[in-house]
Amino acid sequence: MKKLDGEFRFALGKSMPVLLGYVTLGLGYGLYMHNLGFSFWYPTLMALTIYGGSVEFVIANMLVQHFNPLNVLLITLVVGFRQSFYALSMLKQYRHAGWRKWLLIFGLTDETFVINHYTKVPQEMSQVKVNTWITVLDWGYWVLGAFLGGFLGSVFQLQVKGLDFVMTALFIVLALDQFLQEKSHVSSISGVLITIISLLAVGKKYFLIVTLLLLVAEYYYLTRRHAKGDD
C-alpha cells in the first residue's frame, strides 16, 4: 500500500502543470457549452468519453447545427491524426501494461505523452502504475474543469460574450505557430488554397468533407515524395 501511495504521490507531483492547464481550459470548455445552451452534464459526459481537447470544442459547435456524422468522423480523424505518431513511440513502454494498456491508450493526450515518455521513474516504483496514475489524473483534471465550467455557468447563468469565437481563435493561433515553425510553407499555403477552391466548387454544405479528403491525399503524396527523396 505504501508503494502504491508513493507512486500516486510521484504521479501527482509530475502532473501538477497539467492540472493548471487542463482545469483552466476545461472551465472555458464548460462555459462554452453553457453558452451554446447545453446543461452542465453535457460537457462533463463529453469530457469523460471523448477526451479529445480541441475535438470537443468542434463537436460542441456542430451539435447546434444540422448534425452530420461523416463530418464529425472526418474532423475527429484529421484533428487527432497527429496523436498516431507519438503513440507509436509508446508501444514498447506500454507493451506489458496488461489491462491498464487500454486506459493508457485512451488517455494518451499531448501533455500526458510528454510526461509519461520523459519522466524517469525511480527503480523502486512500477513505471506502468506511475504512467497509469498520470494518465488518470490528467483525465480527471480535464473532466473536473469541464464540469466546473458547465456547473458554474448554469448556477450563476454566466454568459461570456465572445466565447463562441474561442475555437476559431484557438485554431488561428495554432496555425500561425505552425506556420512560423515550419521550414517549408507548401502545406500551409496549399491548405488555404484547397479550402477556398473546395468552397467555391461544391458550396458550404460539402466543402468540409472535400477539403479534408484532399488534404489527406496531399499529405500522403508529400510524405511518399519525401520518403523517396531520402532514399
Side-chain angles (χ1 to χ4, degrees), residues 11-69 71-83 86-87 103 106-116 133-181 188 191 195 208 212:
L12 182 63
K14 290 296 181 180
S15 66
M16 277 294 104
V18 181
L19 167 64
L20 300 175
Y22 273 17
V23 171
T24 302
L25 288 173
L27 276 167
Y29 169 64
L31 286 172
Y32 177 63
M33 288 287 288
H34 169 70
N35 282 8
L36 292 177
F38 292 98
S39 176
F40 73 91
W41 63 268
Y42 274 89
T44 306
L45 182 61
M46 289 174 67
L48 276 168
T49 55
I50 300 174
Y51 193 43
S54 54
V55 173
E56 293 176 50
F57 281 91
V58 174
I59 293 177
N61 185 60
M62 298 185 76
L63 287 175
V64 297
Q65 303 175 9
H66 178 68
F67 188 65
N68 188 324
N71 274 0
V72 173
L73 175 62
L74 288 174
I75 290 175
T76 302
L77 287 174
V78 172
V79 174
F81 188 67
R82 72 188 187 284
Q83 295 176 325
Y86 58 68
L103 181 61
F106 169 75
L108 189 61
T109 61
D110 301 43
E111 294 77 12
T112 301
F113 161 73
V114 171
I115 298 176
N116 279 346
W133 276 121
I134 290 173
T135 302
V136 171
L137 286 168
D138 289 351
W139 182 24
Y141 300 150
W142 177 251
V143 174
L144 175 63
F147 166 76
L148 289 176
F151 181 74
L152 294 175
S154 299
V155 171
F156 297 104
Q157 292 299 308
L158 299 175
Q159 291 292 331
V160 183
K161 293 183 178 180
L163 195 59
D164 54 347
F165 186 68
V166 66
M167 199 61 236
T168 304
L170 174 62
F171 277 108
I172 289 176
V173 171
L174 292 175
L176 288 175
D177 182 66
Q178 178 66 29
F179 184 83
L180 294 174
Q181 291 185 26
S188 298
T195 303
L208 185 58
L212 291 175

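For the single chain, residues carry numbers from 1 onward in sequence order. The figures here come from the full heavy-atom set of this structure, side chains too, leaving out hydrogens, waters and symmetry mates.
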| remark: CG (L12) and CG (L137) are apart, to the nearest 0.5 Å, by 6.0 Å
| Quick one: are V64 and F38 in side-chain contact, heavy atoms under 4.5 Å? | yes
| task | For residues 144-153, pull every pair meeting side-chain hydrogen bond (donor to acceptor under 3.5 Å, both in side chains), keeping only residues two or more places apart or in separate chains. | result | none
| note | For T49, the side-chain contact (heavy atoms from CB on, under 4.5 Å) test, sequence neighbours excluded, returns L45
| message | The criterion is ring pair (Phe, Tyr, Trp, His ring centres under 6.0 Å); which residues satisfy it with Y141, sequence neighbours excluded? | response | none
| Between A60 and M33, what is the shortest heavy-atom contact and its length? | CB-SD, 3.1 Å
| task | Applying side-chain contact (heavy atoms from CB on, under 4.5 Å), name anything that partners V114, two or more places apart in sequence or on another chain. | result | Y118
| field | Set of ring pair (Phe, Tyr, Trp, His ring centres under 6.0 Å) partners for F151, sequence neighbours left out | value | F40, F147
| said: Holding to ring pair (Phe, Tyr, Trp, His ring centres under 6.0 Å), I want the full list of residues that pass it with F113, two or more places apart in sequence or in another chain. | reply: Y86, H117
| request: Provide the closest heavy-atom pair for A146 versus Y29 in the form atom of the first, atom of the second, distance. | output: CB-CD2, 3.8 Å
| note | Hits for side-chain hydrogen bond (donor to acceptor under 3.5 Å, both in side chains) against T195, two or more places apart or cross-chain, chain-then-number order -> none
| note | What one should report as the nearest heavy-atom pair of P43 and G150 is CG-CA, 4.3 Å
| request: Go through the structure and list residues passing side-chain hydrogen bond (donor to acceptor under 3.5 Å, both in side chains) with D138, not counting sequence neighbours. | output: T112
| Are T109 and Y22 close enough, and set up right, to give a side chain to side chain contact (heavy atoms under 4.5 Å, CB included), and what steps lead you there? | CA-CA 11 Å; T109 61; Y22 273 17; 2.9 Å; yes
| message | Under the rule for side-chain hydrogen bond (donor to acceptor under 3.5 Å, both in side chains), what residues qualify as partners of T44, not counting sequence neighbours? | response | none
| What are the two closest heavy atoms between A11 and I134, and how far apart are they? | CB-CG1, 3.5 Å
| remark: Looking only at heavy atoms, the pair that brings P17 and K14 closest together is CD-O, 3.5 Å
| said: Quick one, I115 and V18 - any side-chain contact, counting heavy atoms below 4.5 Å? | reply: yes
| request: Identify the two heavy atoms, one from V136 and one from L103, that lie closest to each other, and give their separation to 0.1 Å. | output: CG2-CD2, 3.5 Å
| task | Step by step, work out the side chain to side chain contact (heavy atoms under 4.5 Å, CB included) result for I50 and I59. | result | CA-CA 10 Å; I50 300 174; I59 293 177; 4.1 Å; yes
| query | Is there a side-chain contact between W142 and E111 (heavy atoms, below 4.5 Å)? | reply | no
| said: Does the plane of the ring in W139 sit parallel, tilted or perpendicular to the ring in F106? Use 30° and 60° as the thresholds. | reply: perpendicular
